[in-house]
Student: 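What follows is a single structure, and I will ask about it in a moment.
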Amino acid sequence: MRLLLQLPLALLPAVLACAAGPLPIDPLWKSETFRRSITASYGIDSRIEPRITEDEAFYLDESAKAMAANDRAKAIQILRDSTLLAKSPAMLFTLASLRFEAGETEESVKDFESALAQFPNFRDAHRNYAVVLVQTEKLEKAKSHLIRALELGAQDGVTAGLLAYCHAREGHHQPALDAYRLALITQPDESQWKLGEAQALLALERPREAAGILQSLLEKNPAEISNWLIQADAWIGLERELPAAANLEIVHRTGALDSNSTLSLGHLYLQNGLPDLALERYRAAISAPEPAPVGRAVEALEMFLSVADWARGQEFAALLDGTAAYAGAFNPDTGDKSLVSRLTRTRAMIELETGDAATGAKRVEEWLRREPLDGPALLLLARFREESGQRVEAEMLLEQAARIPESAASAHLARGRILVATSDYENAIEHLEKSQELNPTDALAEYIAAIRELSEAR
């Protein structure tokens, strides 16, 4: 009877979680297409743009000449010094856009608000103001301006793409997907919108389509590390662990894979029969300048138990002991009790399976002196007692574990199986049914039915 700890493949996408946010929006501000679109000149449409007088046109033209000469400071100064500025939505809008590009965010906001107060249907002002709001993380307000720009007839990729980003940040993935695809109609080469589309597809559990989009992005720019990571999530969604491992390995070799994701790479190797590579990656994760979270390091140790690889589990346990960053967390007096319990039980299991059951049992006993109500530890000690032939003591420990809610179902199941082994079917059924009541499973129901048949046949 082996106690195996399983980490389902379905947990790995959450473990990877490599891309921060629904879209790495920062590169967008550097995109030439994006910058050109928000500072572009506009035509004449009295419904969505204010009419420009000859005097306003003079200052706007002078400002444009300064911009053509790459003198943004002069372009801003020309507009700021004009006596027409305060009552000119067009000039305020232009100044706000230039200030935004110059990094004068607060001043830009004031100018956009002044322009919109005078001309509420100013479509491009709604759009450019929303850009500023997105950059300053005021997404709800930005979304309202983006929607208004669309209502006023905006068809550009920036408006749709940023609206998609706002939807994605709110977890509204279908509207995000629709908006990203709308953005790609007019900006088909904007990689940020393609990436957003891929992430929306992943969130909607359509990993095959996402993987294809990410592949096209990687072919165009293989140096973009985040795309390798996100595509790894897509491969996981398609249950293609080895391609996912290949993606993560590429990032690992660049030195850009963080310790948390390096542990995930180890999991993938271990689950696919590559234990030596798994151990190497686990070692790298705990010895990194910023070691993996201690809970995930213990998870890696548990992974060796899940495949009954006791030798490597023993080696990795020794590595954990030598990791100074974890010393406090593993200290029974100062560490998290749940974490110390997991570590104690895992090490004890390794000792049991590598021929040192006495040391393993002693380890659990010492922990239970500190934490007598640790149900999983009681279950494990009961197993040690049972395997050493101390059945009565094992049953006593299971009786204690049955009184603790977190371990009650497992305790009744273990007690029932001990009784089945001694042909005490009637009492065994009683415990098995209690376990089924607390944690119903089809497999246990079938087992109870089989034991009942044995009991009736006697």
Student: Between Arg391 and Glu395, does any NZ, NE, NH1 or NH2 come within less than 4.0 Å of an OD or OE carboxylate oxygen?
Tutor: yes
Student: Salt-bridge test for Glu433 and Arg452: reply yes if a basic N is under 4.0 Å from a carboxylate O, no otherwise.
Tutor: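 Answer for the salt bridge query: yes.
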Student: Less than 4.0 angstrom from a charged side-chain N to a carboxylate O is my criterion; do Arg99 and Glu106 meet it?
Tutor: no
Student: Is a side-chain donor or acceptor of Ser261 paired with a backbone partner of Asp258 at a separation under 3.5 angstrom?
Tutor: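 No: the side chain of Ser261 does not pair with the backbone of Asp258.
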Student: When you look at CD of Gln174, are more than 12 heavy atoms from neighbouring residues, nucleotides or ligands closer to it than 6.0 Å?
Tutor: yes
Student: Between Asn427 and Glu430, is the side chain to side chain contact (heavy atoms under 4.5 Å, CB included) condition met? List the steps.
Tutor: CA-CA 5 Å; Asn427 286 322; Glu430 180 183 345; 3.9 Å; yes
Student: Please check this pair: side chain of Thr334 against backbone of Gly328, looking for a donor-acceptor N/O pair closer than 3.5 Å.
Tutor: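 At least one qualifying donor-acceptor pair exists.
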Student: Within 45° of the axis and under 6.0 Å from the centre of the six-membered ring of Phe384, does NZ or CZ of Arg363 qualify?
Tutor: no
Student: Could you check whether Glu209 pairs with Arg181 (Lys NZ or Arg NE/NH1/NH2 to Asp/Glu carboxylate O, under 4.0 Å)?
Tutor: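 Salt bridge flag = yes for Arg181 with Glu209.
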Student: If you draw a 6.0 Å radius around CG in Asp333, do more than 12 non-hydrogen atoms from other residues or ligands fall strictly inside?
Tutor: yes
Student: Is His126 reaching over with its side chain to a backbone N or O of Pro120, donor-acceptor style, under 3.5 angstrom?
Tutor: yes
Student: Determine whether a donor-acceptor pair (N or O, by modelled atom type, separation under 3.5 Å) exists between the side chain of Ser455 and the backbone of Ile451.
Tutor: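 A pair under 3.5 Å: no.
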Student: Decide, yes or no, whether a salt bridge links Lys337 with Asp374 under the criterion of side-chain N to carboxylate O below 4.0 Å.
Tutor: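 Salt bridge absent between Lys337 and Asp374.
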Student: Take a 6.0 Å sphere around CD of Glu366 and say whether it holds more than 12 heavy atoms from other residues, nucleotides or ligands.
Tutor: yes
Student: Determine yes or no for a side-chain-to-main-chain donor-acceptor pair under 3.5 angstrom, with Asn247 supplying the side chain and Trp228 the backbone.
Tutor: yes
Student: His267 vs Tyr282 aromatic rings, parallel, tilted or perpendicular, using cut-offs 30° and 60°?
Tutor: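 Because their plane-to-plane angle is over 60°, the rings of His267 and Tyr282 count as perpendicular.
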Student: Between Glu249 and Arg281, is the closest basic N to carboxylate O distance under 4.0 Å?
Tutor: yes
Student: Taking 4.0 angstrom as the limit, do Lys362 and Glu365 come out as a salt bridge?
Tutor: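 Here Lys362 does not pair with Glu365 in a salt bridge, since their nearest N and O are not under 4.0 Å apart.
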Student: Taking Glu315 first and then Arg312, would you say they form a salt bridge - that is, a charged N and a carboxylate O separated by under 4.0 Å?
Tutor: no
Student: Are more than 12 heavy atoms from other residues, nucleotides or ligands located less than 6.0 Å from atom CD of Glu113?
Tutor: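 Yes - once you tally the heavy atoms of other residues, nucleotides and ligands closer than 6.0 Å, there are more than 12.
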Student: Under a 4.0 Å N-O cut-off, is there an ion pair linking Arg415 with Glu399?
Tutor: yes
